[in-house]
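Worksheet: one structure, shown below.
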Amino acid sequence: MAKKTFVGGVHPYEGKEFTEKKAIEKLPLPQRVAIPLQQHIGAPAKALVEKGQEVKAGEKIAEASGFVSVPIHSSISGKVKGIEKVNHPVSGRGEAIVIESDGEDNWVETIRFEENYLELDSKEMLERIKDAGIAGLGGATFPTHVKLSPPPDKKIDTVILNGAECEPYLTADHRLMLEHADDIVAGLRIIMKILNVQQGIIGIEDNKPDAIEVMRKAVKDFNNIQVYVFPVKYPQGAEKQMIKAALNREVPSGGLPMDVGVVVQNVGTAKAMYEAVAYHKPLTHRVVTVTGAAVNEPKNVLVPIGTMFEDVVAFCGGMKESAGKIVMGGPMMGLAQPNLQVPVVKGTSGILILEEHEAHVPAEDPCIACGRCVEVCPMHLLPTTLQILVEHENYTEAERLHIMDCIECGSCSYICPSNRRLVQGIRLGKRKILEARRKAG
Amino acid sequence: MNNIFRLSFILAIVTTIAAFVLAEIYQITRPQIEIQKQAKTKDALKYVLPDAQVIVPVTQKVPVKDKAGNVLYEKEVVRYYIGYRNSDTTGVVGYAFKAFGSGYSSIIETMVSVDTSGTIKKIRIISQKETPGLGARCVEDQPVNPKKKQWTTQQFVGKTVDQLKVDKDGGPIVSITGATITSRAITNSIREKLSELLPQLKLASTENIGG
Amino acid sequence: MEYGVFQLIILSIFINNFVLSRFLGLCPYMGVSKQMDSALGMGMAVTFVMTIASLVTWLLYTFFLAPTYQNVFYFIFDTPIQNVPDLTFLRTIVFILVIAALVQFIEMYIQKVSPTLYKALGIYLPLITTNCAILGVAVLNIDMFFKDGLPLPNSFINTLVQAFASGIGFTLVLVLMAGIREKLELANVPKPFRGLPIAFIVAGLMSIAFLGFAGFSVE
Amino acid sequence: MSETSEKLFVVTSSPHIRDADSVPKIMWTVNIALLPALLAAVYFFGFKALWVTLLSVIAAVVTEAAIQKLAKKPIRVHDGAAVITGILLAFNLPPSVPWWMPVVGSVFAIAIVKEAFGGLGYNILNPALAARAFLLASWPVEMTASWVAPKEGTISGIAAITSATPLNLLKQSAKIIASPEKFDPAQLQAAQDAIAKLSSSYTNLLIGNVGGCIGETSVIALLIGALIMFYRHVIDWRIPFTYIGTVAVLAWIFGGTEGLFTGNWIFHILSGGLILGAFFMATDMVTSPITGKGQIIFAIGTGILTVAIRIWGGYPEGVSYAILLMNLTVPLIDRYTVPKVFGEVKSNE
Amino acid sequence: MSVGAEFFKGIYKENPVFRLALGLCPTLAVSTSITNAIGMGAAVIFVLVASNTLVSFLMWLFAKTLSEEGLNSINKIRIPIFIVVIASFVTIVEMVMAAYFPALSESLGIFIPLIVVNCIILGRAEGFASKNGIFLSIVDGLGMGIGFTLALVAISFVRELLGSGQLLGAMIMGEGFKPVLLMILPPGAFLVIGLYLAGLNWIDARKKQA
Ligand SMILES: Cc1cc2nc3c(=O)[nH]c(=O)nc-3n(CC(O)[C@H](O)[C@@H](O)COP(=O)(O)O)c2cc1C
Ligand SMILES: Cc1cc2nc3c(=O)[nH]c(=O)nc-3n(C[C@H](O)[C@H](O)[C@H](O)COP(=O)(O)O)c2cc1C
Ligand SMILES: Cc1cc2nc3c(=O)[nH]c(=O)nc-3n(C[C@H](O)[C@H](O)[C@H](O)COP(=O)(O)O)c2cc1C
Ligand SMILES: Cc1cc2nc3c(=O)[nH]c(=O)nc-3n(C[C@H](O)[C@H](O)[C@H](O)CO)c2cc1C
Ligand code: SF4
Ligand code: SF4
Ligand code: SF4
Ligand code: SF4
Ligand code: FES
């Protein structure tokens, strides 16, 4: 079968060789964690603890403040030092519950394995997932229980597990698939049960043959689950592109995967779901790829959420003198951080540290209309036109040309020979348009 | 309604007054305009037939037809002119005619005179709107300089009908540099008109007609 | 000179383009070429009015102004041809009044008959009255298709063809210009060149490119 | 606090990596791709060809630098775009033009056609071609009377028809054959000979041993350059192949002297400026449409206009005007070929 | 405004061609030579001054003689009356030129009758003469007309000098000068006026800075 893919996309340097062969290591207990209240899309969680309170690992320390919100659990045991404003990797600054470790790693007692978890009814499963504080680990950190509660008029027929990991450098999902294939498949079956779906797909890029093999083995007993292999191309992992490649369905402009009967979840999310349903284990840790030419010993690390980047990087031998840029996430969509005093959050898939000479984006030239950005845009937009329209504050025309459909994958900026700040401008335009919409009510 | 009628009436009066004023001025300027219209042809005739005392047009009635071929009316057109040495219209010195050629960007109108043997006496470009500095140089009329191969209307003097071809078509007429279209238009239009007229001109001796 | 229909169409649209070569209709060309929609509307309106105006002025000229065999004085009142009044000197004054009235009529008529068309063309119609392309084509028709006050063969057909094709040629460059100017809105044109100056330079370059049509043999 | 934390790290928004290609790289690749044709020109037309090219390039670069300085913009002539303009303008001039013509042309190309619009990326028309059209309209005599036969001799050599270039020869001969009554038998014979000879001159056309503009005659040298550009992904197939294909088909249909479908399309492809234009000038991304669909429309239009001018127009060659005219339509094409957005519902508009 | 200001505004500050972009067609079409430019300018000055005068006079006359109601109805056909006035003067120019300046008449061609639609003229009649006295109207007409003529001359100066190496028909440039044919072709007109306008903008910007 010819490998299916989508139209557009780019082939950046993969950079996976730093860590793809490194098994996941557990980070030694950090001294202190700062767990931000906002780690997902939606309303921030409300703190349940006070300064001085003792907490155990896995204890709920903040509760969801609405349907589109998730609770937060402590990732270590110790004493609450306070609720403070700390650096936040996404919003710059935000409230976090700071916990001083007692050095013991005491866990709440509720965590235990339940043999017949698959017989639970879907409502119960959903409840456990919600209580475990799971938000999508693929990057968007959208509350998972919301995604799994589609309105009754949307008939879901397929669940896709996203193991593409198309972002260069990152290998967290890759290692997870190699080391926890069965947990992931179990997670997928839980989702299929919840949604009452008969088809499950695990999508992987062909640069991970070992993972493909392992996953194939893991699903061989389930004839309603298949592993799909896609050619390496960024952003193969973007859900709309993955659905297009796997099922040849196009999510309508402005729509969601459920509009074409599909739910997409990251493989890490699936594992977290399995743990939540089968063990009552909340989401307190995640795998983070620490990588880049400026990291002394690149690794995949299992990190308690709230750990400072500094501690994680120190575990990886620290960074080199020549380091010039710290990115949370991959190089295509990741967020640059001013320093290492930021906590790992649920969405932190990697810590990428680039050398000084890689850090600076070259100066911008005028657009020469080469059309490359148009060619690579996976959403078939006109990135250069959109960016210029935003520059001239012509938002009406930008909206007519579907600026809101941009998935901010950055392919356009990546490919542009003039180094135009395309996605950057488009992002700004989208924000302006949303602001205006909000004002208009 | 009444109002519109009244306003139209006022406007009509204003227009009528204007029309009468203009008519008056037209009466004054008309003769002069007519003179100017004829002037170019007259000048050109005088130039190409300098030795003629009287120049008489030979006209012909041409029917003007509509699409279906019905004759609408007849028009009098000049076929050619005869130049007489004496004012009593005796002693033919030559004939003159107009040739029209389609040049680069205009119709080029040329006045041509031939002697009684059908050899060209003189030509003059009456009107043209060719590209200035290029095709428009066709009006140049400096004496022929055998050392310098260049266009001048003087080079037509003494040419017979079969010699009317530009150099690029293998003839002796030196064309304007970079304006072959113009040069060809003039030369060919004279040749075609002349061969059409030759049988009609009362030539002195038919042997002299080139052939 | 006599023209074939195809020849006239090529001539009017490309070679003697109203704007780029004859310099007629420049004000709307500069004024209404900032946006594609209005350019198209203006172009259609001008084409329409040019054709109707040419028709009407041709009739007026032939039947009333010129001392021809079609003159009403000759064929209705039996005036001897030499006594038919030569009113050609009233050409300018008659044409402009007729065009102004015509535009008013067309406007009222369209408004009544087709509100959609009125919506598309309506706003341009009043602007057209004092636009030299309309009077220009009317005068040009007389200059080209009459000789000494007499209509040349196919004068009437040629008049209509020339008017319509010239309108199309006008619309063509107007629309091209609008596309270019919309693009220039987003360009980095140096300050002194912004607005009219660059529009003129575009027109100049357009006119250079249109020289490519020069010399087309259109027999 | 550890030591490293005091260091200031670069914070920019994503993406944090870029493709290695850049505008200067693209432009200099084109310049290199133009070298084979320049060498061929020097071989066939002598060093005069090199001087004309150098003058043109120097004038273009100096003009651009001067204007950027005057406008207090960053000086960016090193990106190589002005060099391309200079070379291509020279390539579109006959080899023995007076020295001041490439200079005036380059100044016009850069000052009026490019910088008045805001410089690189903003011009509407192809600067080199607009300048060529400007020169042709300003000094038609110098632009058309300056053909030199290549060193090795020319394929024309027919006494009655004294034009230097294959296309011109074809056009004149076709005219004669079309109306034989106006010409004498010797001329008719010569014209027929000429057409026969032209049809068997492919080798000369391929290597460039014919009269013509400096850079347009050697098809092989131009194709080597095109290969370099393909290899470096500077251009793609759409414009050049669609353009040449359109010309071939239309020339075959309309270009013959014996009725429809008798045209010598190979000759039409190999002669004149078509190869130069199709690979190096119609492909200028600044002045061609941005989407693939648009590029194909653009190329078909250019092909139609080229053949129309070659066969019915006032000039023997139509490549440059065809490209210029289609340049004018690029904003329109771009406007009406906006790609269908991913997931766009058809009934939406 | 003083009389002088009324006069001079048409020459620079409100120059009809360069500032108001009016009457572009004749400007571009007849600026191939200074002779044409002056001929056209003279025709426009005549029509402008004459129609300004007559319009101003008519409006004064109407105001003097008519009742309120009569004035109102006259106001409705004001523009057509102006057009008739202007067209009459244009026709006079047309006839006089054909009779006494045939060469000029030929090279200005249809742009003489087109003076009728030159909106400088109707614009002045409607915008100025109908509201001002005869004397000021004449001054205004003169100023605008001269401004128009100067713009024409400025453009044709460049086009004639570069395009044919001549000024007023006399050879100026030396033997070696090869005229820039393009300048007297249509594109030259557009390019020259575009560059003039850019130059004026640049001067204005510098003045503002100073
Ligand atoms: C090979 C060649 C020979 C030409 N010879 C003549 C010529 O003899 N006379 C002429 O008027 N134009 C001539 N031209 C004009 C052109 O064809 C022009 O220079 C040409 O190189 C390309 O024209 P284009 O760029 O307009 O397509 C010639 C062109 C070419 C290419
Ligand atoms: C440009 C882009 C690239 C993405 N790449 C991946 C990827 O490689 N792996 C992944 O799991 N999710 C990726 N995502 C996120 C997916 O679109 C989708 O949100 C996710 O798979 C949903 O799973 P989750 O809710 O479990 O995170 C990407 C999103 C975008 C916009
Ligand atoms: C702007 C322009 C104006 C031209 N004007 C004329 C002209 O008035 N007369 C003419 O014969 N050729 C004119 N030509 C040149 C013709 O196109 C053609 O090249 C020329 O007639 C060929 O002449 P040759 O065979 O002497 O080179 C003009 C060319 C251009 C570009
Ligand atoms: C493939 C390619 C073709 C080009 N062709 C031309 C050309 O024909 N003429 C020109 O002036 N510049 C050309 N350039 C250079 C540059 O794009 C051009 O000067 C821009 O139009 C200036 O904004 C070309 C560049 C590339 C990459
Ligand atoms: S426009 Fe948006 S979706 Fe398209 S390539 Fe750029 S960032 Fe990606
Ligand atoms: S890739 Fe860059 S230079 Fe090319 S069209 Fe897009 S914005 Fe312009
Ligand atoms: S029609 Fe009137 S408003 Fe429109 S551009 Fe012309 S002059 Fe201006
Ligand atoms: S009236 Fe005529 S000259 Fe004046 S702006 Fe309108 S079209 Fe131009
Ligand atoms: S359109 Fe305004 S003067 Fe011609």
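Letters A, B, ... are given to chains in the order of the sequence lines, protein chains preceding strands, and every chain is numbered from 1.
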Where is the tightest heavy-atom contact between [X] and [Y], given as atom of each residue plus distance?
X	Y	answer
A/D365	D/P24	OD2-CD, 4.4 Å
A/M379	D/V341	O-CG1, 3.6 Å
D/R18	A/S413	NH1-O, 2.6 Å
D/K340	A/E250	NZ-OE1, 4.3 Å
A/N339	D/F9	CA-CD1, 4.3 Å

Among [options], which residue forms the greatest number of heavy-atom pairs with chain D at distances under 4.5 Å?
options	answer
A/D405, A/T384, A/V327	A/V327
A/G410, A/G8, A/A323, A/P12	A/A323
A/H360, A/K244, A/M332, A/Q337	A/M332
A/D259, A/L352, A/L382	A/L382
A/E375, A/R427, A/E356	A/R427
A/G334, A/C373, A/A314	A/G334

Once rounded to the nearest 0.5 Å, what's the spacing between atom [atom1] of [X] and atom [atom2] of [Y]?
X	Y	atom1	atom2	value
A/Y234	D/I17	OH	CD1	9.0 Å
A/S418	D/D79	OG	CG	9.0 Å
A/R421	D/S13	CZ	OG	8.5 Å
A/H380	D/T291	NE2	OG1	13.0 Å

When D/P74, D/S288, D/G121, D/S22 are compared by non-hydrogen pairs under 4.5 Å with chain A, the top option:
D/S22
I'd like to know if the side chain of D/E344 reaches the main chain of A/P252, judged simply by a donor and an acceptor atom lying under 3.5 Å from each other, with no hydrogens or angles considered.
no
Measure distances from A/P378 to the heavy atoms of chain D and classify the residue's part below 4.5 Å as side chain, backbone, both or neither.
backbone
For A/C370, is it the side chain, the backbone, both, or neither that has a heavy atom closer than 4.5 Å to a heavy atom of chain D?
both
Considering residues, nucleotides and ligands other than D/K69, do more than 12 of their heavy atoms fall under 6.0 Å from its NZ?
no
Within 6.0 Å of CD in A/Q31, more than 12 heavy atoms from elsewhere:
no
Below 4.5 Å, heavy atoms only, C-beta onward: do [X] and [Y] meet side chain to side chain?
X	Y	result
A/Q241	D/F342	yes
A/I368	D/V23	yes
A/P417	D/M285	no

Could you walk me through whether A/Q424 and D/T12 pass the side-chain contact (heavy atoms from CB on, under 4.5 Å) test, one step at a time?
CA-CA 9 Å; A/Q424 294 86 337; D/T12 56; over 6 Å; no
Against chain A, label D/L120 side chain, backbone, both or neither, depending on which of its atoms sit under 4.5 Å from a heavy atom there.
both
